[in-house]
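Provided herewith is a single structure, encoded as structure tokens, for subsequent inquiry.
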Protein chains: 2
Amino acid sequence: MTVPVRPLAHGRAATRADVARYAGVSTAVVSYVVNEGPRRVSPGTAARVRAAVQALDYSPNVAARTLRLGSSEMLGLVVPDITNPFFAELAQAVEGAAAERGFLVTLGSSGSRVDLERELVTDLAGRNVDGLLVSTVLMPEALAALPAPRRPTVLINVSTPFAGYAAVGSDSRRGAYDLVEHLLGTHGHTSVALVIGESTERLPEPRERGFADAFAAHGLPPGPVVRTDFSRTGGYEATRQVLAWRHRPDAIFLSSDQQASGAYRAVREAGLECPDDIALVAYDGTTQSEFTWPPLTSSRQQIDLMARTALSAVLDPANAPAHQHLPTELVVRRSCGCSLP
Amino acid sequence: MTVPVRPLAHGRAATRADVARYAGVSTAVVSYVVNEGPRRVSPGTAARVRAAVQALDYSPNVAARTLRLGSSEMLGLVVPDITNPFFAELAQAVEGAAAERGFLVTLGSSGSRVDLERELVTDLAGRNVDGLLVSTVLMPEALAALPAPRRPTVLINVSTPFAGYAAVGSDSRRGAYDLVEHLLGTHGHTSVALVIGESTERLPEPRERGFADAFAAHGLPPGPVVRTDFSRTGGYEATRQVLAWRHRPDAIFLSSDQQASGAYRAVREAGLECPDDIALVAYDGTTQSEFTWPPLTSSRQQIDLMARTALSAVLDPANAPAHQHLPTELVVRRSCGCSLP
DNA sequence: TTGAAAGCGCTAACAA
DNA sequence: TTGTTAGCGCTTTCAA
């Protein structure tokens, strides 16, 4: 199945022993120089070692180091779908935050498939990663079915804690509330539909609760809910469905930017205009939301903060709170009906 | 700088020796069972070993295996920007193709920054990856400045070969030609502007040549070229610029979907309609292009094929051609002015 | 300040 | 069919 890769053609790569021999020192000294510690080395010797390193084009074998140290300075990140801009931005942020601390990250994108995700997590966990960040669509059961994590594992982008894991996520209930309240309060809409991904999180989904909360605050019964998946196609299909209702709502709240992308298409295909015929708002607030037309009013997740928070949690599991809620930010653009300069 | 991670609280993780002791066999036998070879083991013994593995919750130490075997079954992938849907789709494809062959992939996204990219490639290459796929914006110099790769390295998404590396990319010259020829031939446009990313590839950029080729085929001098960067903002700014010209062209050919996203926004902000006031076409053809309005006519890169081809090249460097050109596919939608059902 | 050497967990050649 | 063991490259304790 797998293809072993031979070392370079011109012979095996130089090892620490080669360098030591070349520089006329012991292997320990080479270590001290290469790692700048833990013992100090006289300047002259250090220079000879560096020259040898150069001459032999030596670079340390990470597997050996990992084996010895028990740490690989690698983190694993599992997301359901890297082509979803939210996860792409999250991956970018995690990678950046990890790099700042000297860690590399191995990414797995499961395509939202449960079995693949399980495999990914198990595999990654076995790969000497020092910690795991998992953003999964398959919360409770699948997670419980996993072998106990051998490494600090934090659940990222979840709104409810899960036994045995540290978790960080946005306060999506509040984010949803803000959006719907804006529609109901500022714009005086009375009928707003919710299009939401088929969640495997503990129900009711927080966005759905925020949605209902906003209606309650206005003394209204909650609007209709359409469940689909968290993709463009999901948003597209669901919106088509909503537009076909006898009484078209004033607005649709999409649970992700990705779904909103599909919603726009459905609206245009129906020959309708946003926001005149129907307002659209969405949860996520990735860069994509600035480039739709009209620009998308959204509750923006603080992706950088989420990445940093999650990173601190894996790297210092002892002090990681069971669950951290990050605030979202309401970004009003034009798709809700507001007319901005 | 780095935080070593301790084994599980309930003591150190089980090793192969623990399993051997528990099952009353030698470590070799455990190996044979776990790896299903290379020696065969009697069914009874194998069962005992499997029971021990289960009981001790044993999982092999990958670092040790890597050290021993000299192969990690990991590949490295470096892309300039994972939030660009093209690269996200590419990453997804590479990951999928790799998984089929038992490899995991470590992703690095450089944010298009030369220094970070150099660091990433060097770092990744040192990490016992069995091979490296690099899609870089900083072709010639930076690549030459890199230490010689210790592992098979293939350049991905490049249109010109580069000494010492296998390379795979789409035939972007042809892709560009198809698009512009469609505009000139089918639609009878005469003035088409090109918005292209600031390329670090050997000039002239193939898309620019394809663009010029199409004009030449019609006996026309090539249209105006605006150079910007390969981002939404780049496309946005460049398009604003084009729209401000005294003579607005009939169409703009954007060198990426990401730029096209920015272009749409610029067109709408200017109060113009696509394709009536100005036609838009782009190179890439990611899923994003199906969800713009109007849907984007594009030259679609065969991302899956590219991933597979590149993978074969890293995994079997001996037989990898210096450069492989993959055909693109013209996908006609509505942004060019075609009226589809 | 430097050297010798043990040992991290695994694979596979060799021996039984 | 199974056991013994060398050795992958590295870090670091202990001794000099």
Side-chain angles (χ1 to χ4, degrees), chain A residues 2 4-8 11-49 52-53 56-73 126-128 130 150, chain B residues 2 4-8 11-49 52-53 56-73 126-128 130 150:
Chain A
T2 76
V5 177
R6 279 176 306 286
L8 277 193
R12 72 191 222 312
T15 74
R16 189 182 68 333
D18 298 324
V19 176
R21 202 172 311 117
Y22 189 99
V25 299
S26 76
T27 60
V29 172
V30 178
S31 246
Y32 301 152
V33 173
V34 169
N35 302 329
E36 298 177 337
R39 293 273 93 82
R40 45 160 297 135
V41 172
S42 76
T45 316
R48 281 214 319 287
V49 171
V53 165
L56 301 179
D57 189 23
Y58 166 75
S59 81
N61 179 317
V62 185
R65 189 165 202 278
T66 299
L67 176 58
R68 178 65 226 239
L69 259 26
S71 159
S72 59
E73 301 177 340
R127 294 245 177 187
N128 286 93
D130 291 342
R150 296 161 185 284
Chain B
T2 76
V5 177
R6 280 175 306 284
L8 274 194
R12 70 190 223 313
T15 72
R16 188 181 72 330
D18 297 324
V19 176
R21 202 172 311 118
Y22 189 100
V25 300
S26 76
T27 60
V29 173
V30 178
S31 244
Y32 300 153
V33 172
V34 170
N35 302 329
E36 300 176 336
R39 293 275 91 82
R40 46 161 298 138
V41 173
S42 76
T45 315
R48 282 215 319 289
V49 170
V53 165
L56 301 179
D57 189 25
Y58 167 76
S59 81
N61 180 316
V62 185
R65 189 164 203 277
T66 300
L67 176 58
R68 179 64 228 238
L69 258 28
S71 158
S72 59
E73 298 177 343
R127 295 242 177 190
N128 285 95
D130 290 343
R150 296 162 183 284

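Computed from a prediction, not measured in an experiment: that's the story for all the values here.
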Please give me the minimum heavy-atom distance between A:Val34 and A:Tyr58, naming the atom from each residue.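 Answer, listing the atom of A:Val34 first, then A:Tyr58: CG2-CE2, 4.3 Å.
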
>> side chain to side chain contact (heavy atoms under 4.5 Å, CB included) for B:Val25 and B:Val49? Distances and angles first, verdict last.
In response: CA-CA 8 Å; B:Val25 300; B:Val49 170; 3.9 Å; yes

Review point. Do you know which two heavy atoms are closest between A:Leu56 and A:Ala14, and how far apart they sit?
Key: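 In this case the closest contact between A:Leu56 and A:Ala14 is O-CB, 3.7 Å.
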
Here the distance between atom C1' of D:dC10 and atom CG of A:Asn61, to the nearest Å, is 8 Å

Check: Do you know which two heavy atoms are closest between A:Tyr22 and A:Ala52, and how far apart they sit?
Finding: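 Nearest pair, atom of A:Tyr22 first, then A:Ala52: CD2-CB, 3.4 Å.
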
For nucleotides 12-16 of chain C, tabulate all protein N/O to nucleotide N/O atom pairs closer than 3.5 Å, reporting atom names and distance.
{"residue": "C:dA13", "atom": "N6", "partner": "B:Tyr32", "partner atom": "OH", "Å": "3.3"}

Q. Can you pull the salt bridge (charged side-chain N to carboxylate O under 4.0 Å, His left out) pairs that have at least one residue in residues 19-42 of chain B, sequence neighbours excluded?
A.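 The answer is B:Asp18-B:Arg21.
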
- Position toward the 5' end of DNA chain D (nearest nucleotide), A:Val34 or B:Gly24: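 Whichever sits nearer the 5' end wins; that is B:Gly24.
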
Would you mind reading off the distance between B:Leu67 atom CG and C:dC10 atom C1', rounded to a whole angstrom?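 It works out to 8 Å between those atoms.
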
- Message: Between A:Ser26 and C:dG3, is there a contact of a side-chain N or O with OP1 or OP2 at under 4.0 Å?
- Response: yes

request  = Apply side chain to side chain contact (heavy atoms under 4.5 Å, CB included) to A:Ser26 and list each qualifying residue two or more places apart in sequence or on a separate chain.
outcome  =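 With neighbours one apart ignored, the set is A:Ala28, A:Val29.
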
Hits for side chain to side chain donor-acceptor pair (under 3.5 Å) against B:Ser31, two or more places apart or cross-chain, chain-then-number order -> none

Among residues at least two apart in sequence or on other chains, which ones pass side chain to side chain donor-acceptor pair (under 3.5 Å) with B:Thr27?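 Result, side chain to side chain donor-acceptor pair (under 3.5 Å) vs B:Thr27: none returned.
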
Discussion item. Contact list please: residues 40-47 of chain B against DNA chain D, heavy atoms, distance less than 4.0 Å, in numerical order.
Written reply: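 DNA chain D contact set from residues 40-47 of chain B: B:Arg40, B:Val41, B:Ser42, B:Thr45.
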
| query | Can you check the A:Arg21 CZ to C:dA4 C1' distance for me, whole Å? | reply |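 Going from A:Arg21 (CZ) to C:dA4 (C1'), I get 15 Å.
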
A:Asp18 atom CG is separated from D:dC10 atom P, nearest whole Å, by 9 Å

